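Okay, structure first, notes after.
Any value given below was found using the heavy atoms of this structure, including those in side chains, with hydrogens, waters and symmetry copies removed. The first residue of the sequence shown is numbered 1, and numbering continues consecutively from there. On a predicted model such as this, the values are computed, not experimentally measured, just so you know.
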Amino acid sequence: MNLLTIVVPCYNEEEVLPETVKELGNILNNLIDEGKIATDSKILFVNDGSKDKTWQLISKYSNEYPYVTGIKFSRNYGHQNALLAGMTIAVRYSDMIITIDADLQDDVNAIPKMVDKYLEGYDVIYGVRNSRKTDTFFKRRTALAFYSIMKKMGVNLVPDSADYRLLSKRATESLLAFKERNLFLRGMVPLVGYKSAKVYYARKERFAGESKYPLSKMLHFALDGITSFSIAPIHLILYLGLLTVAISIICMIYVLVEKCLGHVVSGWSSLMISIWLLGGVQLISISVIGEYIGKIFFEVKHRPRFLIEKENYTDKMKR
C-alpha cells in the first residue's frame, strides 16, 4: 500500500488548527477507506517557532488521533525550512508526500485528485490555482509581474502554483539532495524533473487568523527567488553602466558644442544631477552585488537549516 504523509507548516495557527485537523483527517480517512493509501498514513504538522498555543494543540490532537503527528522547531526558521524539515522526516517512511499550508486556503479536496495522479504514475503533481479572484488587484498584478520576470530570467516556475504539491518518494529524495541554504522550493521542484502533472483548484479565503505573508515578506521572498536562481541582476548592472557611459558621452559632446558656440555658463544644476546620477548607479550596483555576496556568506557557513526540539512522527511510525 502507498503510505501518504501530509506535511503542514504552522506558525501561530491556533485559530485555524482545529478545522485543519478535521478537514485533513476526513480526507485521509476517506482515502484509506477507498484503499488508495496505507492505513498508517499520517498528517505531520511542523511548528515553526509559534508564539501561541499551536504546539499545545498539535500535541493534544496527536494524543487523540493516531494519524496526527508533529515536529517542534527550537525557534522560528521560516516557512520553506518547515516544509523541508517535514519532508526530511517523512521521506524515510512515505511513498508520497503532500505539502499544504494550514490556513485552508488551498482546497483540500484536490488531495484525492493528486493521489489519483500519483497512482497513474506521476512523481510530481502541482496544485495550481484556476483563478485569482480571492486576491486583491495589487496582489494579482504583482504576481503576474513576478512570474513574467522569473520567466525572462530563465527560471522555470509553474505559474499560479505555490507550495501545494505532491512528491513521490524518489522525487522528494532528489529534492532533498539540493543542499543550498537559500531555499526557494517553487523553483527547485521543477529542477528535480520526473514525470509531472497539474491539478487545478479554486483558492478560498483564509478560514481564520491573519496572513503570515505581508507585503514585506512577499517582497523578500520574491527577491530570494530571483537571486537564488539567476545572475541576471548582475548583468543588468553592466547594462546600467553602459547606459550611464552613453549618457555621459552625450553630455560631454553637448558641453563641447556649447563651449565652441560660446554659450557656456557655470551650471550648478547639471553638476549636481551628474553627481546624484552616478552616486545612485554606484549604490544600486554595490547593493545588488552585496546581495549575492551575502548569500555566499551564509552558504559557506554550512549551518543547519533547522533544529528540531521534539518530534513524534518517527515513534508513531515504528509502532
Side-chain angles (χ1 to χ4, degrees), residues 1-9 20-46 66-69 80 83-84 86-132 147 150-151 155-178 184-204 313 317:
M1 294 295 292
N2 296 297
L3 195 147
L4 166 67
T5 298
I6 303 175
V7 175
V8 188
T20 305
V21 171
K22 176 185 173 183
E23 292 206 15
L24 290 178
N26 288 337
I27 294 292
L28 205 66
N29 287 326
N30 288 339
L31 288 170
I32 292 172
D33 291 341
E34 293 171 7
K36 293 182 178 180
I37 61 174
T39 56
D40 51 350
S41 295
K42 297 285 187 287
I43 303 170
L44 177 56
F45 292 99
V46 184
Y67 54 81
V68 175
T69 60
Q80 299 291 281
L83 290 171
L84 201 72
M87 289 188 284
T88 301
I89 297 296
V91 73
R92 289 176 284 178
Y93 301 95
S94 306
D95 298 298
M96 51 182 152
I97 296 174
I98 289 177
T99 56
I100 184 173
D101 289 340
D103 56 17
L104 296 179
Q105 285 189 279
D106 295 320
D107 188 6
V108 298
N109 293 307
I111 291 177
K113 299 176 185 177
M114 291 183 176
V115 173
D116 288 340
K117 288 290 183 181
Y118 168 81
L119 296 174
E120 291 173 13
Y122 292 94
D123 286 280
V124 181
I125 298 96
Y126 299 98
V128 181
R129 300 171 61 173
N130 56 17
S131 73
R132 286 188 168 269
Y147 285 118
M150 294 297 279
K151 184 177 181 180
V155 183
N156 183 26
L157 293 181
V158 178
D160 296 324
S161 173
D163 291 306
Y164 186 24
R165 63 178 75 88
L166 182 150
L167 297 175
S168 68
K169 186 181 187 70
R170 68 171 179 171
T172 305
E173 290 173 339
S174 298
L175 178 63
L176 294 176
F178 290 75
F184 186 65
L185 295 177
R186 299 181 195 185
M188 292 167 66
V189 172
L191 295 178
V192 170
Y194 297 122
K195 192 176 179 181
S196 65
K198 298 176 183 177
V199 169
Y200 293 89
Y201 68 96
R203 190 168 170 85
K204 300 181 288 185
Y313 178 89
M317 293 307 298

Practice prompt. Identify, with sequence neighbours excluded, every residue that meets ring-ring contact (aromatic ring centres under 6.0 Å, His included) alongside Y122.
Written response: none

Worksheet item: Among all residues two or more places apart in sequence or in another chain, which pass the ring-ring contact (aromatic ring centres under 6.0 Å, His included) test with Y313?
Response: none

Discussion item. Could you work out, with salt bridge (charged side-chain N to carboxylate O under 4.0 Å, His left out) as the rule, every residue matching D101, not counting sequence neighbours?
Written reply: none

Worksheet item: With D95, which residues qualify under salt bridge (charged side-chain N to carboxylate O under 4.0 Å, His left out), at least two apart?
Response: none

Hey, does [Y] have a side-chain heavy atom less than 4.5 Å from the side chain of [X]?
X: V115; Y: L119; answer: yes
X: T20; Y: E23; answer: no
X: V46; Y: L83; answer: no
X: L166; Y: I97; answer: no
X: E173; Y: L175; answer: no

Criterion side chain to side chain contact (heavy atoms under 4.5 Å, CB included) against [X], the qualifying member of [options]:
X: R129; options: Y201, Y200, Y164; answer: Y201
X: M96; options: T5, I37, I6; answer: I37
X: V8; options: T99, V68, I43, L44; answer: I43

Fill in: side-chain contact (heavy atoms from CB on, under 4.5 Å) between D123 and Y118, intermediate numbers included
CA-CA 6 Å; D123 286 280; Y118 168 81; 5.7 Å; no

Worksheet item: If you round to the nearest 0.5 Å, how far is CG of L31 from OG1 of T39?
Response: 13.0 Å

Fill in: Nearest-0.5 Å distance that lies between atom CG in D106 and atom CZ in R165
10.5 Å

Item to complete: Tell me, please, which residues at least two apart from D40 pass side chain to side chain contact (heavy atoms under 4.5 Å, CB included).
Response: L3, A38, K42, M317

Item to complete: Begin with the C-alpha distance, continue with both residues' side-chain angles, and end with the deciding distance and a verdict on side-chain contact (heavy atoms from CB on, under 4.5 Å) for L28 and L24.
Response: CA-CA 6 Å; L28 205 66; L24 290 178; over 6 Å; no

Worksheet entry | Charged N-O contact under 4.0 Å between D116 and K36 | yes

Worksheet item: Does A171 offer a backbone N or O that forms a donor-acceptor pair with the side chain of S168 under 3.5 Å?
Response: yes

Extract all donor-acceptor atom pairs below 3.5 Å that involve side chains of residues 188-199 and protein atoms in other chains or at least two apart in sequence.
unit_1 : atom_1 : unit_2 : atom_2 : d
Y194   : OH     : S174   : OG     : 3.0

